[in-house]
Amino acid sequence: DSGDTDRSLLPGYIACTGIENIDEAITLLEQNNWDLVAAINGVIPQENGILQSEYGGETIPGPAFNPASHPASAPTSSSSSAFRPVMPSRQIVERQPRMLDFRVEYRDRNVDVVLEDSCTVGEIKQILENELQIPVSKMLLKGWKTGDVEDSTVLKSLHLPKNNSLYVLTPDLPPPSSSSHSGALQESLNQNFMLIITHREVQREYNLNFSGSSTIQEVKRNVYDLTSIPVRHQLWEGWPTSATDDSMCLAESGLSYPCHRLTVGRRSSPAQTRKQSEEQSTDVHMVSDSDGDDFEDATEFGVDDGEVFGMASSALRKSPMMPENAENEGDALLQFTAEFSSRYGDCHPVFFIGSLEAAFQEAFYVKARDRKLLAIYLHHDESVLTNVFCSQMLCAESIVSYLSQNFITWAWDLTKDSNRARFLTMCNRHFGSVVAQTIRTQKTDQFPLFLIIMGKRSSNEVLNVIQGNTTVDELMMRLMAAMEIFTAQQQEDIKDEDEREARENVKREQDEAYRLSLEADRAKREAHEREMAEQFRLEQIRKEQEEEREAIRLSLEQALPPEPKEENAEPVSKLRIRTPSGEFLERRFLASSKLQIVFDFVASKGFPWDEYKLLSTFPRRDVTQLDPNKSLLEVKLFPQETLFLEAKE
């Protein structure tokens, strides 16, 4: 009965994993003691959609797989472990939600969490609460690029890349006692390991850089991208004996630092091994099931083993990086950027949106201090190096930061022949036939390429052509080497530009000084002309006033009554008047004459009474303040009197 029950798991396991060979499926189930979930996780990596985790008896939201039913049947929730099988159908892959990987660091521990982007930040904390035994209320989850976020925030709204690094702070909890082992482990986690991996079948060597916190499973997945050998078919040599679990990080696995050599090859499938043993045996053993011939190994029909399990990566490439026969370069670059982000995450270089000529203008045709190098990334989807180069090198934070600070990055996709021909035409026009021929002769597996361009006075110089088979450190070193050459040239350009600007400034200052001198001379001349005109006007006014005063004086002098003689029948008053200059005016007046006649006499001598005061000595009084209609006798200016003139204030 138990055998029949185990056999009932076989159809569901085949439907879930896409393994078409019954013998191989039975062998894998037997290796896992007919534990369906363990057998599925052993075949399909979590990155391709399987997710299994136990968090205190709770399950991750999502449909649970029922092995006793067809994959399209209604999901059940009775299982304590939830997992999402990936079918080898493109339509099913496209319906899978986007999975996000989180590496959460807490003190000397690293916890890997894989969730759908429809989950919330609070669900991450609940998982960490079970893993780290820390209450959610005591936990601060940090490392978000957008700053602190609420527990209710949906991950999809944060626009996160696929791989994320977070850390947990517990300020309310006392720190644990430190130990030398945890310190050494933490140091190893921060180190980079160089893995020299030899592909046995093709005798090809790959130099891959991984951080100490990367897992063995991540290494195997990257090797799958390079060699097309699925993880389940990889046969390794060179791993330390302590590396017993694929979830173990490299720092804990006992690898040699800084370099470690490994060898990978393709493992023969159980069906192929059994078939070989059957051919060597004299007996012929037939499969008991009548339809066993329908489950022959797919490799016999020329189907690569990686095709079924590479559906997730091929699904990512369902859209081309750039439209074929793109007419507008700006629109083509917009699609390239969007597709690049969907494949490799949002942490990537900022690609310049516009034509190659516009990128030249932005990088080269500005002031010397503002110039940058131009980096041209040439993409090719058919190259086996493209995925690793983009995900590990081009999206590395150090490379992204260095490019954004020092380069204008422009990209083009050479996968389509029409786009390749168009770029070669642009390349021939801007860089010459030698560079165009160099790119034309590059083989597909040598892509992607990274061209470093420096603008010069008369032409554009290609400083470096970087192929895809490189490492992060080597890429950074070559970028820095190009920057050294560019910086030296830039300093010369800045010096020449400063000298030219200094000469132009001197000329401008001289022109400005000459202009100011002309303006000053003109202003002085105009001021002198105005002054002369004003003097002439005042002189005219003065002459007119003098003429007017002279006319008044003459009229007053003519209007004066004749001076009476000393011997006169009428009383005569003799007045002696001292002027401000010390001269004396003497005249006789009839005692009956009005005081106004005295005023007129003084005015006729050039001392109008509205400008001068006529004062007496004893007693001192202002005669001009007296009534001018009174007689001299009445104002007691009789028989004689000495007066003096004083200018009014």
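These values consider heavy atoms only, across backbone and side chains, with no hydrogens, waters or symmetry-generated copies. For the single chain, residues carry numbers from 1 onward in sequence order.
- Side chains of V264 and Y206 form no contact here, defined as non-hydrogen atoms less than 4.5 Å apart.
- In this structure, S383 contributes its side chain and T444 its backbone to a donor-acceptor pair below 3.5 Å.
- In terms of modelled atom types and a separation under 3.5 Å, the side chain of S401 and the main chain of S398 share no donor-acceptor contact.
- Side chain of T415 to backbone of D381: a donor-acceptor contact under 3.5 angstrom is found.
- One finds the CH2 atom of W239 at 5.5 Å from the CG atom of L255 (value rounded to the nearest 0.5 Å).
- Residues P320 and Q335 meet the side-chain proximity criterion, which asks for heavy atoms closer than 4.5 Å.
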Kindly indicate, with the supporting measurements, whether the criterion side chain to side chain contact (heavy atoms under 4.5 Å, CB included) is fulfilled by L235 and I229. CA-CA 9 Å; L235 183 61; I229 303 177; over 6 Å; no
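- Within the 4.5 Å cutoff, the side chain of V219 has no heavy atoms near those of the L208 side chain.
- Across all non-hydrogen atoms, the minimal contact from E324 to S418 is CG-OG, 3.0 Å.
- Between the Q405 side chain and the Y402 main chain, no donor and acceptor come within less than 3.5 Å of each other.
- Scanning both residues, A363 and V366, for their nearest heavy atoms gives O-CG2, 4.2 Å.
- Looking at every heavy atom in both residues, L333 comes nearest to A411 through CD1-O, 3.4 Å.
- Rounding to the nearest 0.5 Å gives a distance of 11.5 Å between CZ of R261 and OG of S256.
- Side-chain contact between L463 and L373 is present, with at least one heavy-atom pair separated by less than 4.5 Å.
- Proximity of I376 to W412: side-chain heavy atoms (C-beta onward) are nowhere separated by under 4.5 Å.
- Atoms CG and CD, on N469 and E205 in that order, are 11.5 Å from each other to the nearest 0.5 Å.
- Here the options are Q491, Q490, Q489, the test is side chain to side chain donor-acceptor pair (under 3.5 Å), and the partner is D493; only Q489 passes.
- Between the T386 side chain and the H380 main chain, a donor and an acceptor come within less than 3.5 Å of each other.
- Side-chain atoms of V223 and Q234, non-hydrogen and from C-beta on, do get closer than 4.5 Å to each other.
- Side-chain contact of T471 with D473: a donor-acceptor pair under 3.5 Å is absent, judged by distance alone.
- The nearest pair of heavy atoms linking G212 to F193 is CA-CE1, 3.7 Å.
- The CE atom of M426 sits 7.5 Å away from the CD atom of E357 when rounded to the nearest 0.5 Å.
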CA sep, side-chain torsions, deciding dist, call: S341, F351, side chain to side chain contact (heavy atoms under 4.5 Å, CB included): CA-CA 11 Å; S341 298; F351 297 114; over 6 Å; no
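- Residues T337 and H348 have side chains in contact (heavy-atom distance under 4.5 Å, counting atoms from C-beta outward).
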Would E382 and F447 satisfy side chain to side chain contact (heavy atoms under 4.5 Å, CB included), going step by step from the backbone distance to the final call? CA-CA 9 Å; E382 302 301 327; F447 284 93; over 6 Å; no
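- No donor-acceptor distance shorter than 3.5 angstrom exists from the side chain of Q191 to the backbone of Y257, with no hydrogens or angles considered.
- Screening F364, F360, W410 for a ring-ring contact (aromatic ring centres under 6.0 Å, His included) with H430, the sole residue that qualifies is F360.
- Of all heavy-atom pairs between F389 and G468, the closest is CD1-O, 3.6 Å.
- For the atom pair NE2 (H199) and OG (S228), the distance works out to 8.5 Å, reported to the nearest 0.5 Å.
- F431 pairs with exactly one of V462, I439, T438 by the side-chain contact (heavy atoms from CB on, under 4.5 Å) rule, that one being V462.
- Across Q467 and T470, no two heavy atoms sit closer than the pair O-CG2, 3.6 Å.
- For the residue pair T215/Q217, the side-chain donor-acceptor check at 3.5 Å is not satisfied.
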Walk me through whether L100 and L115 qualify under side chain to side chain contact (heavy atoms under 4.5 Å, CB included). CA-CA 5 Å; L100 300 178; L115 286 177; 5.6 Å; no
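- Classified by interplanar angle (parallel below 30°, tilted 30° to 60°, perpendicular above 60°), the ring pair H379/F336 is perpendicular.
- For K220, the NZ atom sits in a packed shell: over 12 heavy atoms of surrounding residues, nucleotides or ligands are nearer than 6.0 Å.
- Side-chain N or O atoms of T425 include one that pairs as donor or acceptor with a backbone N or O of A421 at under 3.5 Å.
- The environment of CD in E397 is sparse: at most 12 heavy-atom neighbours from other residues, nucleotides or ligands sit within 6.0 Å.
- If you take CG on L262 and CD on E237, they are separated by 10.0 Å, rounding to the nearest 0.5 Å.
- The backbone N or O of R440 lies less than 3.5 Å from a partner atom in the side chain of R420, making a donor-acceptor pair.
- Within a 6.0 Å radius of CG in D417, other residues, nucleotides and ligands contribute 12 heavy atoms or fewer.
- With no hydrogens or angles considered, a side-chain donor-acceptor pair links S214 and S211 at under 3.5 Å.
- Between the side chain of N428 and the backbone N or O of L424 there is no donor-acceptor pair closer than 3.5 Å.
- Residues V388 and M393 are in side-chain contact: their nearest non-hydrogen atoms beyond the backbone lie under 4.5 Å apart.
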